[in-house]
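Computed from a prediction, not measured in an experiment: that's the story for all the values here.
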Amino acid sequence: MNIENVISALNNPMRRQILEWLKDRSNFPASLPEHADLDGVCVAYIQEKAGLSQSTISNYMGVLKKSGLVIAERHGQWTFYQRDEANIKAFLNEVEKELLKL
């Protein structure tokens with residue numbers, strides 16, 4: 001994990017907000033029946049909630065994915081995102097070690 005990439009990804013209030021929303025699936029509309037068994041949230045739902053353009057949200061999600069904060073899963077024309085809790089915890093542990101010298 002590249003700490004600088006994660007810090008850069010978190011340096012945007014909307015990206016932090018998206019991560020917060022992704023903590024709880026109920027922050028978004030119910031999945032379509034054909035997607036009910038999938039984890040994550042469709043990028044279209046994230047875009048709708050954020051009120052930003054598709055290209056902006058795609059860019060934001062790409063940054064979050066590259067930093068390791070989210071996992072993307074493609075199903076047909078749809079991309080679903082969920083938080084990568086293991087990587088989030090690893091990042092927090094690394095920052096704690098670095099700042100607190102544990």
CZ (Arg83) and NZ (Lys89) are apart, to the nearest 0.5 Å, by 9.5 Å
For the student: nearest non-hydrogen atoms of Trp21 and Ala50, plus distance
CH2-CA, 3.8 Å
Hey, is NZ on Lys49 packed in by over 12 heavy atoms from elsewhere, all under 6.0 Å?
yes
Can you tell me how far apart CZ (Phe80) and CZ (Arg74) are? Round to the nearest 0.5 Å.
10.0 Å
Close side-chain approach of Gln82 and Leu22, heavy atoms under 4.5 Å
no
Between Ile71 and Asn87, is any pair of side-chain heavy atoms under 4.5 Å apart?
no
Distance, nearest 0.5 Å, that separates CG of Asn12 from CG of Leu64
8.5 Å
Taken to the nearest 0.5 Å, the spacing of Arg15 CZ from Asn59 CG works out to 7.0 Å
Val63 reachable from Leu69 in the ILVMFWY side-chain graph, under 4.5 Å edges:
no
As an exercise, state the distance from CD of Gln47 to OH of Tyr60, rounded to the nearest 0.5 Å.
12.5 Å
Below 4.5 Å, heavy atoms only, C-beta onward: do Leu10 and Phe91 meet side chain to side chain?
yes
Taking the side chain as every heavy atom from C-beta outward, state whether Glu96 and Leu92 have any pair of such atoms under 4.5 Å apart.
no
Following the transitive rule for hydrophobic clusters with a side-chain heavy-atom cut-off under 4.5 Å over Ile, Leu, Val, Met, Phe, Trp and Tyr, establish whether Leu19 and Met14 coincide in one cluster.
yes
To the nearest 0.5 angstrom, please state how far the OG atom of Ser58 sits from the NZ atom of Lys65.
11.5 Å
Using every non-hydrogen atom in the two residues, find where Ser67 and Val6 come nearest and quote the distance to one decimal.
O-CG2, 3.3 Å
Salt bridge (Lys or Arg N to Asp or Glu O under 4.0 Å) against Glu20, all qualifying residues, sequence neighbours excluded
none
Just so I know, are the side chains of Glu85 and Ile88 near enough to count as touching, which here means a heavy-atom distance under 4.5 Å?
yes
Would you say the side chain of Tyr45 lies within less than 4.5 Å of the side chain of Asn27, judging by non-hydrogen atoms?
no
Of all heavy-atom pairs linking Pro29 and Glu48, the shortest is CG-OE2, 4.5 Å
